[in-house]
Q: 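Got a structure here, written out as C-alpha cells. Questions coming.
We number each residue from 1, following the sequence as shown.
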Amino acid sequence: MTLRIGIAGLSGRMGTLLAEEVAAAGATLAGGTGRGDDADALFAQSQVVIDFTNAATAEAHAALAARHGKPLILGSSGLSAAQEAAVAAAAESVPVVYAANFSPGVALLFAMAERMAAALPPEQYDAEIVEMHHRQKVDAPSGTAIGLGRAVARGRGKTLEEVGMESGRDGHTGPRATGPIGFAALRGGQVVGEHTLLFAAGSEHIALTHRSFDRRVYATGAVRAALWAARQPAGLYDMKHVLGMG
C-alpha cells in the first residue's frame, strides 16, 4: 500500500510541484486544501501532511497533526516564537519535520556553516549573511538566512538570540560590533533563492553560497521528508535528520 500524502495549499505554486513529486515518488495524493478549506478533513484522510502555506496556519496545522496522530512536514517560514513553540509541542506526540529549507544542498550548507563557525573565532571573523528572493516574498530575512545564522551561532556555542542580529543598516551606524551576525535581504524579479554566508577577517574572506534555480528542489526534498517521517517516532526533526546527518 502506497503512502497517502496530503498537501495543505494544493492550489498554490508549491502545491502543484508537491503533487507532481508525490506522484513521481510512487505515493498517493490523499487530497489538498486551498484558502478556506477544511484542513481537519485533510489530516483525517492523509497518512502524512505537507504544509508550505504560511506562518499564520502553522499553529493550527500542528495541532491538527497532533490530534489526528499524523506526521507533519512543515516548510512555512517567518514563524514567531509562539508558533515555533506550538510546532515543538505537536512534535511531542507525532513526527514533525520543520525546516527553513528542504533543499539537500541547503542542509549541507547549514552543516558546513556550523563547523566553520566553530573553527573561526568571532573576535577575528565577522559573519555576514546576504540573501535574495523574488519580489513577492513577504518576510525578511528569509527563513533560510535565519537558519544559517542559527547554524553559525551553534558553532560558536550560543543561540542566535545570544549572539545578536544586525540588519537594515542605514545612515551613520558607527563601527561594526564584534560578535553579532549581519543580515542583508535583497528583493527583486523572480529569484528563487540565493544565500551567501561570508566570514570576513582582516587578512581573508571565506564565502559559502547556495543558489536555487527551480522551486522543485524544495518539493522533492519535502516529499523525501514525508516518506522518511512516516517511519519515525514522535519528535522534532529537520532535513539533516532526513539526510542521515543528525
Side-chain angles (χ1 to χ4, degrees), residues 1-80 82-104 106-107 143-144 147 214-244 246:
M1 183 176 179
T2 62
L3 187 69
R4 300 190 310 278
I5 301 176
I7 300 172
L10 180 59
S11 59
R13 181 163 48 182
M14 275 302 300
T16 299
L17 292 175
L18 285 164
E20 293 173 359
E21 291 305 305
V22 166
T28 298
L29 180 62
T33 58
R35 190 181 299 274
D37 288 343
D38 182 9
D40 186 80
L42 177 65
F43 279 87
Q45 66 197 24
S46 305
Q47 291 176 288
V48 182
V49 172
I50 302 175
D51 177 12
F52 270 68
T53 52
N54 57 70
T57 61
E59 189 168 351
H61 289 173
L64 285 171
R67 185 189 310 162
H68 288 277
K70 306 297 176 65
L72 175 65
I73 312 303
L74 181 60
S76 299
S77 62
L79 270 64
S80 67
Q83 289 164 336
E84 288 192 338
V87 171
E92 294 177 3
S93 55
V94 295
V96 177
V97 181
Y98 170 42
N101 192 306
F102 279 86
S103 157
V106 167
T144 301
D214 191 330
R215 289 177 178 81
R216 188 174 297 276
V217 69
Y218 310 138
T220 304
V223 172
R224 179 175 178 177
L227 298 172
W228 179 87
R231 307 187 304 271
Q232 305 307 314
L236 185 60
Y237 305 101
D238 60 23
M239 275 303 285
K240 72 174 181 289
H241 298 105
V242 176
L243 297 175

Q: Please name the residue in the list V48, T16, L18, T53 that meets the side-chain contact (heavy atoms from CB on, under 4.5 Å) test with I7.
A: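 Output: one option passes, namely L18.
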Q: Might you point out which heavy atoms bring H61 and D51 nearest each other, and give the distance in Å?
A: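 Nearest heavy atoms, H61 then D51: ND1-OD2, 2.8 Å.
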Q: Nearest 0.5 Å, please: how far is CD in Q47 from OG1 in T2?
A: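 The CD atom of Q47 is 7.5 Å from OG1 of T2, to the nearest 0.5 Å.
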Q: For the residue pair A229 and I73, what are the closest heavy atoms and their distance?
A: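 Heavy atoms of A229 and I73 come nearest at CB-CD1, 3.8 Å.
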Q: Could you give the distance from OH (Y218) to CE (M14), rounded to the nearest 0.5 Å?
A: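 Separation between the atoms: 8.5 Å.
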Q: Considering only distance and modelled atom types, tabulate donor-acceptor pairs under 3.5 Å from the side chains of residues 219-228, sequence neighbours left out.
A:
| from | atom 1 | to | atom 2 | distance (Å) |
| --- | --- | --- | --- | --- |
| T220 | OG1 | E21 | OE1 | 3.1 |
| T220 | OG1 | R216 | O | 3.0 |

Q: Do side-chain atoms of T28 reach the backbone of R4 as a donor and acceptor pair under 3.5 angstrom?
A: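 Absent.
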Q: By the salt bridge (charged side-chain N to carboxylate O under 4.0 Å, His left out) test, which pairs, at least two apart or in different chains, include something from residues 66-77?
A: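 Applying salt bridge (charged side-chain N to carboxylate O under 4.0 Å, His left out) to every pair that reaches into residues 66-77, excluding sequence neighbours, yields D40-R67.
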Q: Let me see the working for V49 and L64 under side chain to side chain contact (heavy atoms under 4.5 Å, CB included), right down to the final yes or no.
A: CA-CA 10 Å; V49 172; L64 285 171; over 6 Å; no
Q: Find the distance between CG (L29) and CG (L3) and round it off to the nearest 0.5 Å.
A: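 CG of L3 is found 11.5 Å from CG of L29.
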Q: Is the closest side-chain heavy-atom distance between S77 and N101 below 4.5 Å?
A: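 When only atoms from C-beta onward are counted, N101 and S77 do not touch, as no gap falls below 4.5 Å.
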Q: Is the closest side-chain heavy-atom distance between S76 and F52 below 4.5 Å?
A: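 No, their side chains stay 4.5 Å or more apart.
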Q: List the atom of A8, the atom of T33, and the distance in Å for their closest heavy-atom pair.
A: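 It is CA-OG1, 3.3 Å.
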Q: CG of D214 to OG of S103: how many Å apart, nearest 0.5 Å?
A: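 Answer rounded to 0.5 Å: 11.5 Å.
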Q: Look up atom CG in L10 and atom CG in D37, then write down how far apart they are to the nearest 0.5 Å.
A: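 That separation rounds to 9.5 Å.
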Q: Should the ring pair H68 and F43 be called parallel, tilted or perpendicular, given that the plane angle runs from 0 to 90° and is split at 30 and 60?
A: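 Ring orientation of H68 relative to F43: parallel.
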Q: If you look only at distance, which donor and acceptor atoms sit under 3.5 Å apart when one is on a side chain in residues 86-100 and the other is two or more places apart or in another chain?
A:
| from | atom 1 | to | atom 2 | distance (Å) |
| --- | --- | --- | --- | --- |
| S93 | OG | A90 | O | 3.2 |
| Y98 | OH | E84 | OE2 | 3.0 |

Q: At their closest point, which heavy atom of G6 faces which heavy atom of L42, and how far apart are they?
A: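 That would be CA-CD1, 3.8 Å.
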Q: Compare every heavy atom of G78 with every heavy atom of Q83, then report the nearest pair and how far apart it is.
A: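 For Q83 and G78, the tightest heavy-atom pair comes out as OE1-O, 4.2 Å.
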